[in-house]
Amino acid sequence: MDNIISDIINNDLLFGKDKEKGIVGVYQLSDTSIRVFNRENDEVRFHDELFFPFFFLSDSSLLDGFVPEEKEKFWLIKLGGANYYQFLAIFQNLKNHRSALDFINKRQYSDKAENKNITYESNSHVYNKGDAVTQYLLQSGKTLFKGMMFDEIYRMQIDIETNYDPSIQRSRGYVSEEDEIIIVSLSDNRGWESVLHSKNSTEKALLGTLVALIAKMDPDVIEGHNIFNFDLPYLQRRCERHGIPFAIGRNGMLPKTYPASIRFAERSIDYTFFDIPGRHVIDTLFLVQSYDVSKRSMQSYGLKAVARHFGFASPERTYVDYKDIATLWKNNHEKLLAYALDDVRETRALSSLLSGSNFYLVQMLPYTYAMTARIGQAAKIEILLVREYLRCKHSIPKPSSGQQHSGGYTEVFLKGILGPIVYADVESLYPSIMLSYNICPESDELRVFPVVLNDLKELRFKAKEKSREEKNLGHTSLAENFDAMQGSFKILINAMYGYLGFNNGIFNDFMEADKVTSTGQSLAKKMIVEFETRGCKVIEVDTDGILFVPPENITTELAERELVNEVSKLMPEGINIGYDGRFRKMISYMKKNYALLGYNNIMTLKGSSLTSRSGEKFGRDFVRRGFEMLLTEDINGLHNLFTEYREKILNHEMDISDFSKTETIKNSIEQYLADVKSGKRSKSITYEIVIKAGITITKGERITYYISGTGMGNASWDKGKLASEWNKEKPDENTYFYLKRLDEHCQKFLPFFKPQDYRMIFSTDSLFLFSAEGIELQKEIRHTETTHNHEEPS
DNA sequence: AGCTGTGGCAGGGAGG
DNA sequence: CCTCCCTGCCAC
């Protein structure tokens with residue numbers, strides 16, 4: 001076999017033939033369940049407890065090692081996730097590896113699992129032969145979407161509306177369990193749309209119709225925005241009330257639910273996972289948050305805001321406030337139906353936009369679509385390695401404990417207002433290092449890691465080629481599909497470095513992770529030296545990128561490119577420096593904090609101290625406008641800007657959206673209270689607001705608040721109020737506090753002026769009219785006294 | 001149950 | 001006041 005990844009893509013079907021042993025097919029039904037077709041007695045057995053090892057089967061050969069009794073034992077074993085290790089126990093020389101059976105026992109009887117109330121109830125049913133067998137055999141190739149394009153799968157979008165009953169006690173405008181479902185809107189990726197409602201019937205009839213309709217349409221994928229934490233559990237509860245079986249799985253099967261959590265960068269969200277047999281559930285809310293982890297451009301993850309952000313909100317879109325739903329339902333239910341339909345349309349557009357990379361990942365990973373959408377990057381890498389180990393029938397190591405010690409090299413050499421600017425960066429720094437220096441975890445005895453990385457690189461290259469070819473042929477849709485595919489390879493490639501330093505990774509290796517980063521550091525330093533010896537003034541370096549002012553004789557883009565190319569050639573084999581852009585000017589403020597002014601005169605700000613969404617909007621606006629004025633050297637403008645904001649604050653002329661702050665609640669209230677009590681953390685304003693207001697909140701939600709009162713002290717944990725409590729007629733925001741905040745933002749301009757000039761600009765105390773006369777910008781501020789040495793490291 | 005990494009800045013609470 | 005420590009957010 002020449003390429004591990006190609007092998008997965010081309011050969012893994014969860015379907016085997018072994019008539020002698022009675023197994024006809026192994027078909028993966030959903031994340032946690034597979035089906036085994038046993039023709040011996042012309043029956044189909046369902047084994048929902050089995051975990052993912054069968055996802056690795058490309059044929060039934062892995063079963064050859066079993067004697068029939070053992071095999072039977074295996075099928076019936078009920079271990080939740082642990083049977084994966086059962087597999088290892090059977091294949092393995094367990095020397096120097098974990099005892100698989102110990103592990104199983106620990107898992108099986110773990111208190112933790114019991115407390116979580118996760119049910120692994122036996123769902124082994126016996127069905128008669130007939131249609132079901134044929135149906136599942138036909139679909140066996142379809143579950144992993146092998147060789148399919150994204151458009152070919154059948155996706156259905158779903159959204160529910162409930163009758164908001166104002167007499168019901170509720171927290172924060174959320175629906176209450178007592179609210180009836182009045183509308184279910186549905187759409188699919190083939191252009192079908194439908195709105196079910198109970199205007200002329202009952203909720204019970206509506207739910208019955210819905211369950212039947214899902215069975216009839218038979219989608220592969222069910223999509224919704226916040227579907228795990230709202231639509232599905234709500235539908236399930238209401239069905240329970242009416243005694244309607246919530247049979248939305250294939251072959252009339254019921255969904256299985258269990259608590260799960262998902263992490264987006266630093267915050268994690270709890271949700272109820274719905275495992276719908278035979279179908280995949282995709283929550284577009286997760287897709288959006290995952291997208292925003294790298295883009296950091298969204299203020300809200302709500303469907304309407306997201307649709308506007310991506311620009312597919314229809315201009316005729318109907319907007320309805322939840323408080324008006326009950327009235328509309330009575331007086332103008334057509335409007336409500338239109339609103340509900342717009343919701344599913346936007347969900348469909350959102351999923352079409354963001355699902356592509358997950359879809360193509362599914363074909364490369366031995367995981368289902370639903371699973372791929374909710375696991376992290378490290379799990380994706382690990383499963384590729386494990387899959388190959390299973391194929392080779394080799395044992396699997398334990399994670400090693402320890403810590404990575406180094407990271408990227410970051411330094412600022414010059415601060416101030418500088419230009420012109422060239423930006424260059426080492427292309428795919430860490431993956432390139434890993435390939436060139438043959439990085440491999442020590443525990444990876446089969447040395448699969450570098451092979452997988454190389455395979456991924458080559459396949460990505462091919463997918464890119466293919467995308468280009470199709471584009472040239474005018475096949476736009478195909479080109480886009482191949483582009484999504486190459487993007488999927490890129491995700492995996494970039495995740496491989498992080499996996500090395502991942503604490504729970506079974507193939508982790510902190511020494512190798514350190515080798516990657518320290519090599520990266522010396523490459524960055526070499527890059528600095530080479531640009532400096534060519535007369536460049538280096539401003540800032542961060543990990544793999546460098547910002548510098550080229551020498552005066554280099555004025556055109558072409559000459560800049562040649563310069564970068566020249567330095568690139570001096571780098572070791574496999575390491576290339578790319579020319580990544582040119583800018584008219586730059587404000588170098590701090591490490592990872594700067595402004596760039598393009599030749600189109602558009603300024604971009606970078607860094608948490610200049611752009612953080614946790615700060616007040618007025619502060620961000622103030623800094624942005626001020627930096628624009630720095631770039632145009634408009635000192636009078638700066639002074640006017642300061643007085644403008646000062647006046648606005650003093651006269652309560654700002655809107656709540658300007659001075660409120662939004663922060664994410666990362667822990668549950670219970671967790672917070674416990675941590676404060678034990679002294680593990682100190683009091684925090686957002687949590688205190690939530691407690692004081694008596695609202696229920698799930699972790700991962702965001703709170704918008706402001707500081708009220710007239711006190712002169714600092715903002716403290718008991719002065720916060722919810723933004724919704726603010727009254728325009730009686731503004732009670734704390735003027736003193738927000739003036740202080742304005743002053744703190746002014747400090748960002750301090751480095752660019754002499755102290756006395758700074759005091760003139762950012763004050764209104766002057767007895768004389770302000771004049772910019774004699775004030776000079778501090779344009780070039782040397783930050784570090786050439787800390788790097790120019791000698792070549794040996 | 002599941003979780004990719006380090007580096008860096010801002011802001012606030014706690015305690016001296 | 002100052003320092004220390006923690007959280008949150010961001011760059012790469």
Side-chain angles (χ1 to χ4, degrees), chain A residues 80-81 107 110 112-113 115-118 258-271 273 292-297 371 374-382 399 403-412 425-426 428-430 491-492 494-505 508 510 513-514 516-518 520-521 524 540-545 589-594 605-615 619 661-667 672 675-676 679-688 702 707 713-718 720 740-741 744-745 747-748:
Chain A
R107 267 287 172 90
S110 144
K112 241 172 140 185
N115 289 339
K116 281 279 183 169
N117 201 18
I118 300 161
Y258 49 91
S261 72
I262 188 165
R263 244 182 81 178
F264 298 105
E266 65 279 337
R267 64 173 178 272
S268 81
I269 294 171
D270 292 337
Y271 66 100
F273 181 68
D292 199 48
V293 163
S294 53
K295 299 291 185 297
R296 304 256 178 198
S297 56
M371 192 70 173
R374 64 200 191 94
I375 61 174
Q377 309 290 54
K380 293 183 174 105
I381 298 303
E382 188 161 282
Q403 206 188 312
Q404 190 178 334
H405 292 106
S406 59
Y409 172 75
T410 308
E411 194 55 85
V412 170
D425 69 353
V426 182
S428 305
L429 177 68
Y430 289 166
I491 289 169
L492 293 176
N494 287 334
M496 291 200 74
Y497 151 72
Y499 180 75
L500 288 174
F502 174 38
N503 220 288
N504 294 344
N508 63 2
F510 303 107
D514 279 331
V516 173
T517 52
S518 57
Q521 292 205 11
E540 171 167 354
V541 173
D542 191 348
T543 313
D544 56 354
Y589 177 61
M590 270 176 170
K591 283 179 182 178
K592 297 175 193 283
N593 287 273
Y594 55 86
L605 285 178
K606 292 272 190 180
S608 63
S609 50
L610 304 176
T611 65
S612 175
R613 282 177 298 170
S614 71
K661 264 186 177 185
T662 302
E663 283 174 24
T664 309
I665 299 289
K666 273 176 56 173
N667 295 105
Y672 167 77
D675 287 352
V676 169
K680 204 175 139 197
R681 68 172 293 168
S682 40
K683 286 191 172 176
S684 152
I685 187 162
T686 43
Y687 291 91
E688 295 300 327
R702 292 157 77 79
I707 306 295
N714 285 335
S716 56
W717 50 264
D718 60 347
K740 192 173 72 80
R741 292 289 294 138
E744 282 161 11
H745 284 112
Q747 301 286 318
K748 290 174 182 140

Does [X] reach a base, just sugar-phosphate, or nothing at all? Heavy atoms under 4.0 Å.
X	result
A:Phe510	nothing
A:Tyr271	nothing
A:Ser612	sugar-phosphate
A:Gly498	base

In this structure, how many angstroms lie between the [atom2] atom of [N] and the [atom1] atom of [X], rounded?
X	N	atom1	atom2	answer
A:Tyr430	B:dT4	OH	C1'	13 Å
A:Arg263	B:dA1	CZ	P	17 Å
A:Ile707	B:dG11	CD1	P	13 Å
A:Asn593	C:dA11	CG	P	8 Å
A:Glu411	B:dG8	CD	P	8 Å
A:Lys748	B:dG11	NZ	C1'	10 Å
A:Asn508	B:dG5	CG	P	11 Å
A:Met590	C:dC9	CE	P	20 Å

Taking atom P in both B:dC3 and C:dC12, compute the distance separating them and give it to the nearest angstrom.
27 Å
Between [X] and [Y] (side chain of the first, backbone of the second, donor and acceptor by atom type, cut-off under 3.5 Å), is there such a pair?
X	Y	result
A:Gln377	A:Ala379	no
A:Glu663	A:Ser614	no
A:Asn508	A:Phe502	yes
A:Asp544	A:Leu429	no

Considering only heavy atoms from C-beta outward, does the side chain of A:Asp292 approach that of A:Phe264 to under 4.5 Å?
no
Using side-chain heavy atoms (C-beta onward) and a distance below 4.5 Å, is A:Ile707 in contact with A:Ile685?
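Yes - at least one pair of side-chain heavy atoms lies under 4.5 Å apart.
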Considering only [options], which nucleotide approaches the side chain of [X] most closely?
X	options	answer
A:Glu744	B:dG11, B:dA1, B:dT4	B:dG11
A:Thr611	C:dC10, B:dC9, C:dC9	C:dC10
A:Ile375	B:dC3, C:dC12, B:dG5	B:dC3
A:Tyr687	B:dG11, C:dA11, C:dG8	C:dG8
A:Gln404	B:dG5, C:dC9, C:dA11	B:dG5
A:Lys592	B:dG11, B:dG8, B:dA10	B:dG8
A:Asn504	B:dT6, B:dT4, B:dC3	B:dC3

Does any donor-acceptor pair link the side chain of A:Thr517 with the base of B:dG5 at a separation under 3.5 Å?
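Answer is no: no donor-acceptor pair is held.
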Counting only distance, no hydrogens or angles, is the base of C:dC12 paired donor-acceptor with the side chain of A:Asp544 under 3.5 Å?
no
With a 4.0 Å limit, can you tell me whether A:Tyr589 has a side-chain N or O closer than that to the phosphate oxygens OP1/OP2 of B:dA10?
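For B:dA10, OP1/OP2 do have a side-chain N/O of A:Tyr589 under 4.0 Å.
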On the nucleotide B:dG8, are OP1 or OP2 found under 4.0 Å from the side-chain N or O atoms that A:Lys591 carries?
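It does, given that an N or O in the side chain of A:Lys591 lies less than 4.0 Å from OP1 or OP2 of B:dG8.
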I want to confirm an ordering. Mapping A:Gly408 and A:Phe502 to their closest nucleotides on DNA chain B, which one lands closer to the 5' end?
A:Phe502
